[in-house]
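Here is the naming used below: chain letters follow the sequence lines, and residue numbers restart at 1 for every chain.
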Protein chains: 2
Amino acid sequence: MLKRTLSLTEQAKAHIKQLILDDVFVDGRIHSETDLAADLGVSRTTIRDALSRLEIEGVIYRKQGAGTFINPAGLQIKSRLDEIWSYEDMIDAHDYIPSTKILSVNVQSAPEDLAAELDLQPEEPLLVVRKLFLADRQPVILAYNYIPTALITQSYTEADFMHPVFEFLWANGQRLAYYLSEIVPLLTTGELAETLHVRPGLPLVSFAEIGYNDDNIPIIKSTSCFRDDFLRLRLIRRKP
Amino acid sequence: MLKRTLSLTEQAKAHIKQLILDDVFVDGRIHSETDLAADLGVSRTTIRDALSRLEIEGVIYRKQGAGTFINPAGLQIKSRLDEIWSYEDMIDAHDYIPSTKILSVNVQSAPEDLAAELDLQPEEPLLVVRKLFLADRQPVILAYNYIPTALITQSYTEADFMHPVFEFLWANGQRLAYYLSEIVPLLTTGELAETLHVRPGLPLVSFAEIGYNDDNIPIIKSTSCFRDDFLRLRLIRRKP
DNA sequence: GAGTGGTCTAGACCACAAG
DNA sequence: TTGTGGTCTAGACCACTCA
């Protein structure tokens, strides 16, 4: 029987995932929805919601009339692009030890293009945070964050940016709901190459993204460059 | 294979999306789930499923206690990486006229790495298809497809590859269910630069992906290079 | 307090796979 | 034919927003 702390669906999802990791379903076949519902004492709808979420994660797949099965390939995925929320977690998922270095924190006035993207007037002040993420002490991600100072209600120090940026926003009353991200190829130039310890002229993948809050208002612009020799950017593409 | 009728949920989703595009919800606020259910003569559950799919697409967003609203930013997204299924559609979504050119079709024996990725023995024969996708007659995507010949049951000609590759697989009794994709930065070299009409040394984004069928068996390997000055690769990243 | 979306139930019927 | 997942219903209660 389950208790009502997290939603029943989330508990059921976690429970089933644990059963999978514990190798309870030896032949790769997961118990039927009806059985799972009876086992956990919840309705079949709740079980179906839980299984749907595991299916989206790629952990299982379903075949109508046949059953629900473990997806071994999906279980191997270390980190999925559309689910990354903190780069520390991403580095950790690749089995490196993550660490973070704040390169600089300062306030600049918004250039025209950034102001437009963030729905601001040109010249409005922006907090600019440059962060370097390291995997086993090797620099692997360089990130620039631009936050309108108008959103910042709390005083802060550099140390506040050692944590993921969504925590800083949260402390200022803004919940980061989602990013709209664009993938942009990049050539490493002198400074970038030096910071990331790669030779100049190497191609890199970068993200250019805008983060929105629950009210769909842009609250942050962020760009990040990745060393793909350390980190693999993966995603699942499904038939719509 | 087409279904006789679309599910009520899909119909409801299409109906609501049309209402949005028709500007029926002038203030950006969508009618309540109860109202929509009554209007369409279906249960609230069906409406909720339809709205959930629109929310995943980024078309709307919901706020508990407040209502459901149109997401203008989401409506602007031309094509999302995790939903692309044919490159023709992707080019079309960017308002270019798509066309396709078959560069070559031949059979080669699988090198060790490819064989491992496709669960084959080394040296097993692979059908290799090189395709070029054009936007307004400009080359924008170069794609390599590798298909184990063991899967091919029908005879074929070059013309069969003018259509998306999943249609060729379907004709051979294989349904392409999903791709596991990796994003890899690339430097344009001589031949690639010439084919895509870009200068050598330019950084590009490429996909390296493996396609699986419903039984989770790898059936195709595919790599594609994109001219990002024509095509923007976008995705939505949400808090897990 | 009224109305909204979020969760959950118990049950029904259908489409499909496999023995 | 049996059992599976896929769809859908009608109704309940809760958490939350907003006037």
Discussion item. Quick check on the 6.0 Å ring-centre criterion: do B:Y96 and B:F133 meet it?
Written reply: no

Worksheet item: Should B:S181 and A:I236 count as side-chain neighbours, where that means a heavy-atom distance under 4.5 Å?
Response: no

Fill in: Atom-pair distance (CG on B:L51; P on C:dT7), nearest Å
14 Å

Response to the item:
B:D35 CG to C:dT4 C1', in whole Å, measures 10 Å

Worksheet item: Once you round it to whole Å, what is the distance between P of D:dT7 and CD1 of A:I47?
Response: 18 Å

Discussion item. For a quick check of understanding: with a heavy-atom distance under 4.0 Å over all strands, which category does B:T46 fall into, base, sugar-phosphate or nothing?
Written reply: sugar-phosphate

Response to the item:
Rounded to whole Å, CG of A:D49 lies from C1' of D:dG5 at a distance of 14 Å

Item to complete: For A:S32, answer base if it contacts any base atom (sugar-phosphate contacts may also be present), sugar-phosphate if it contacts only those atoms, and nothing otherwise; contact means non-hydrogen atoms under 4.0 Å.
Response: sugar-phosphate

Worksheet entry | A:E33/A:R62 salt bridge by N-O under 4.0 Å criterion | yes

Item to complete: Look at all strands and tell whether B:T9 reaches a base, only sugar-phosphate, or nothing, counting heavy atoms closer than 4.0 Å.
Response: sugar-phosphate

Discussion item. In this structure, how many angstroms lie between the P atom of C:dT7 and the CZ atom of A:R48, rounded?
Written reply: 17 Å

Worksheet entry | Nearest-angstrom distance from the residue atom CD of B:E33 to P of D:dA15 | 17 Å

Worksheet item: A:R29 has an atom CZ; how far is it from atom C1' of C:dG19, in whole Å?
Response: 12 Å

Item to complete: May I ask you to say whether A:K13 pairs ionically with A:D49, meaning some side-chain N is under 4.0 Å from a carboxylate O?
Response: no

Fill in: Under 4.0 angstrom between B:R62 side-chain N/O and C:dG6 OP1 or OP2
yes

Worksheet item: Counting side-chain heavy atoms from C-beta on, which of D:dC8, C:dG6, C:dT7 comes nearest to A:S7?
Response: C:dT7

Item to complete: Check whether any side-chain N or O of B:R44 sits under 4.0 Å from OP1 or OP2 of D:dG11, and answer yes or no.
Response: no

Discussion item. In this structure, is the centre-to-centre distance between the rings of B:F168 and B:H163 below 6.0 Å?
Written reply: no

Discussion item. Without decimals, in angstroms, what is the distance between B:L36 CG and D:dT9 C1'?
Written reply: 17 Å

Worksheet entry | Short side-chain N/O contact from B:T45 to OP1 or OP2 of D:dC8, under 4.0 Å | no

Discussion item. Which is more 5' along DNA chain C, the nucleotide nearest B:K63 or the one nearest A:S43? Just name the residue.
Written reply: B:K63

